[in-house]
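Here the structure comes first, spelled out in structure tokens, and everything after it is commentary.
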Number of protein chains: 2
Amino acid sequence: MRYSKLFGRTKLVAPHDSDSINARFLGQAGFVDKLAAGVYSYLPLGQLVLEKVKKIIREEMNAVGGQEILMPSLHPVEIWETTGRNRTADEILYRTKGAGDKDFVFAPSHEEAVTPLAKKYIQSYKDLPLSVYQIQTKFRNEPRAKSGILRGREFGMKDMYSFHTDEKDLDVYYEQVKKAYLKLFKRCGLNAYVVEASGGIFSDKLSHEFSVITPAGEDTIIVCKKCDTAQNLEIAEGKIHDPELPEEKELPMKTVKMERGPSIEENAAAHKVPASKILKTVVYKIMDGGLIGVVIRGDLQVNETKLSQYLKKQVRTASAEELQPFGLVPGFISPVGLPSVKGGVKHKAEVKGAEVGVKEVEHSSTDLPFIGDHSVKSVKNFVTGANKLNTDLVNVNVGRDFNLSDFTDLVTVEKGFRCPKCNSELHEEKAIEAGNIFKLGTKYSKDFDLYFTDEKGERRLVVMGCYGIGTTRLVGTIVEASHDDKGMIWPKSVAPYHVHLVPLGMDEAVRKEAEKLYHFLLGKNVAVLFDDRDETAGKKFNDADIIGIPLRVVVSSRTLKEQSVEWKLRIEKEGKLVRLEKVTGEIAAWCQA
Amino acid sequence: MRYSKLFGRTKLVAPHDSDSINARFLGQAGFVDKLAAGVYSYLPLGQLVLEKVKKIIREEMNAVGGQEILMPSLHPVEIWETTGRNRTADEILYRTKGAGDKDFVFAPSHEEAVTPLAKKYIQSYKDLPLSVYQIQTKFRNEPRAKSGILRGREFGMKDMYSFHTDEKDLDVYYEQVKKAYLKLFKRCGLNAYVVEASGGIFSDKLSHEFSVITPAGEDTIIVCKKCDTAQNLEIAEGKIHDPELPEEKELPMKTVKMERGPSIEENAAAHKVPASKILKTVVYKIMDGGLIGVVIRGDLQVNETKLSQYLKKQVRTASAEELQPFGLVPGFISPVGLPSVKGGVKHKAEVKGAEVGVKEVEHSSTDLPFIGDHSVKSVKNFVTGANKLNTDLVNVNVGRDFNLSDFTDLVTVEKGFRCPKCNSELHEEKAIEAGNIFKLGTKYSKDFDLYFTDEKGERRLVVMGCYGIGTTRLVGTIVEASHDDKGMIWPKSVAPYHVHLVPLGMDEAVRKEAEKLYHFLLGKNVAVLFDDRDETAGKKFNDADIIGIPLRVVVSSRTLKEQSVEWKLRIEKEGKLVRLEKVTGEIAAWCQA
């Protein structure tokens, strides 16, 4: 391709509203153009990358037995009513009315289409397992479109759906797809981590995300670089870092009165102990329930997602009004020596005028149980509040001075924790979710009565899985993961062209040699972008850098003096000279490699 | 592919609501599935055909310098307001509201997206010509979706847009694309005719349709099989067939009174002359205007499209009320001896109580001009009415007995007419419009201020063309054009598989040989559908016929006795035996051919 003829050449500056690296570089280099917030056109360079990404995805989905289909976007609203997502996904649905005043939804996902479709062809266990996928446009009315092509309102997606006789068969297939995903991300030049998703409070970890580490990521993941595993921060498990306290014996508990601030830091400073010797107590309000106290080592944070999963209920921090009836003083709460909180009459008396608080207390349990994170077992002689203002207890020991109704893992893992598998240090990284897979189970089979007849002649619900990758998002992710301050750096596998051929100056010999090389390479089926413009070396080099084609080949009077061209990989700082008689062979070999 | 594993196997019967051959066969054979009226899913076999069609289209568009892009479907309503199509195309637009209460249109076409996009990259004549295309889903709220995948509400389309410095450059490119279209239809196994489209009353024939002849076609075209050219019936030109009347001299005009019916046939029968000797007069009401009489040979039909184009106004047949003020009697109208129709006072007097009629006559011209089709010049001694009930004139001659204000081509061409170019007989055929191309001129450039700077430094409007092919419609067209009563007959170029391998019976030797052949062919990269089911020969043959893969290879104990397989092309009635040792070689050669 001659660059002078290409639709979508570089602009002098990035689009003024670029909110991310991918929006900036893809926009300035003429790969994409924004029509509206979250709605992009793909120009020839962008379309070439997108097609390469799609080809890799197709190959890997075909390799796990996926059969390609194409389902429509225009869905009669009735199928969305069947699953209830007409209501639950209401906010992100684009709706329209068609001829005959019929209501339609523009599909943001295709479970509602694929399940009734599969039902037409699945009767017996002999029809299972089955796996179908499509590469299709999705419409999602994102409240806030952002991050260039990472989170759009119209975007490309590969969505695969699998159908099985039982959970066990799904599990086997799920693992196959997991491997296929890792392979395809690798083929796209990305190092993706499989991350167990939090999956909501009622899920038993039925989904996984594929996260690519990049500073632009919206998610935080906890990575073990030795194990090559990652966890979602929300539910990550890890070995707590050692508080490095000297060995000591349990000492007698004492009450100490002093004025101090309510924070852990202020408490530790006042008592001249490290934060890890503070016994931290946080009280939560359980959704549709009462309060619960959580006790944890003072240098650690309670993980609310873990607490929610433990309780199978949403939680939030309790307010001062909610604490009052229990006689709890913020900053001085502890599970030690707490006056009985059973009954509730007392609390009512204490919260005159706080009708809402009273109502909530009455409505829920009036008991206030305390549970602990495992970390409180590792420290002796804690400092904690005495449930009275400016009064603390020191030398508090679990089991001796207080008891908890349960111990569980409630800690927020952070940098410095150690991998539960290999004990290496864990790292906290920003990441982009580049794909996800779900065990749907029988949710949609139930909704659409998708049954099969098993070997014994019995009707059973089909078990389903689904597997998504945003194709356009993947292009954006590659840019976020692979660039420098000058521009994009495309992996060879998805680069729009392999070679950027750049003649410098208008010298006749240079021009002739460049044209000759261009035609030679085309003859060898090498994908070449030929910068045939009459531009300065600086402009051409800047453009080559931002476009990011992996191999730049420069022809100039200087290189021709050496009977050579300059060969420079985008990923490297320095080029080298390659002799003219060798260059086509070397380029062809490099392309194949 | 093993047929036992394929998603979308044949059904026993066609979908109950199949309204066309393509809906029937594609539905029954598991190529497509209807989700809603005009909204289809493509199952693996259908998707394979669709991808092959798209590949051919891409290759031909690339060959004429088209650069592939991808524009979004979700269009801010503002760009449709800019062109006025928000209003003029209102009926077919799917609309939605997005975040921030913004109005969007789901694009049925992309002029509104591509023109402002091109504007961002076109500044100078050096940026022209430019041609970009996409293969994308279109949404069109068709009042009545019909004919299977031929006229859908969501469908695939290739739309290309070209940009030029002037009309001449557009003309050259337009002809290139016309040839590319004919080539790509041929590659899809279709014989398409280029048809000048009527293009509406204000157009100067700026568009062409590509029509494929099939009985299911919605359009009627006039074809010259010798010239290989076709015309849209609405505007077709042709040499009128000879009325084959004996030579005669002009005879004296006479008045004849007789009771007869008003039709041409009744008139001809009453006077014992052929219909070609009747002078037929039809009076039309001009939209926003008065009446006009059209005189034509009695065996011919007036073409209202030609009349509209002649007048540059829409027309309809005048009603009896509209004729009355002019003293015209239906069935006995003629341009001869018509009392003066100027003024209008007389007419008013005659139409007491017919207020609407009066108003229209007053509102418009009260003159009633007559024009003639060229055909009235070819006959002497016409029979015609005398503008009185049951009164006719005979031996009426143009120029002697009446004059017309103009002669022009107003005849509806039909079977039996002759080609204006080669004089061969013309044929009337039903056809499907499989593609169309338009010279848009500066319509959209004006709307979006798309200017370029020419060599002299002057700003000029860019001249545009556009070129469409429905990709899914093309799949349906191929089915309509290529099938028999048993099923589809896919051309090799777009067939989902090349070979349908059908072992018969459960004989171990047959099964073993078929498996061996299957793996051999896969090894040679032959696309094989392997009917590995335990089904009867009848069921397997019926399925093979409806699926329509071009080559069927049968392995049975009977063929194995001859050390052979049966080789049968779908297009042929009889098969032949091919010896086992030769069959893979012959199949590979046939696939390449």
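Given the structure is predicted, the values throughout are model-derived calculations rather than measurements.
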Most heavy-atom pairs under 4.5 angstrom with chain B, which of [options]?
options                         : value
I92(A), L43(A), T137(A)         : L43(A)
V132(A), L48(A), I122(A), L6(A) : L6(A)
G156(A), A118(A), S73(A)        : S73(A)

Which answer fits [X], side chain, backbone, both or neither, if we ask what part of it has an atom under 4.5 Å from a heavy atom of chain A?
X       : result
E142(B) : backbone
Y94(B)  : both
S131(B) : neither

Item checked: Flag, side chain of D19(B) to backbone of K146(B), donor-acceptor distance under 3.5 Å -> no
What part of [X] is in contact with chain B, defined as an atom under 4.5 angstrom from a non-hydrogen atom: side chain, backbone, both or neither?
X       : result
K120(A) : side chain
Q136(A) : side chain
F7(A)   : both
Q134(A) : neither
L130(A) : side chain

Notebook entry, point to check: In terms of side-chain geometry, is the basic nitrogen of K55(B) or E59(B) positioned less than 4.0 Å from the acidic oxygen of its partner?
Noted result: yes
Next item on the list: On the 0 to 90° scale, with breaks at 30° and 60°, tag the Y173(B)-Y467(B) ring pair as parallel, tilted or perpendicular.
Entry: perpendicular
Notebook entry, point to check: Do F106(B) and F139(A) have ring centroids that are under 6.0 Å from one another?
Noted result: yes
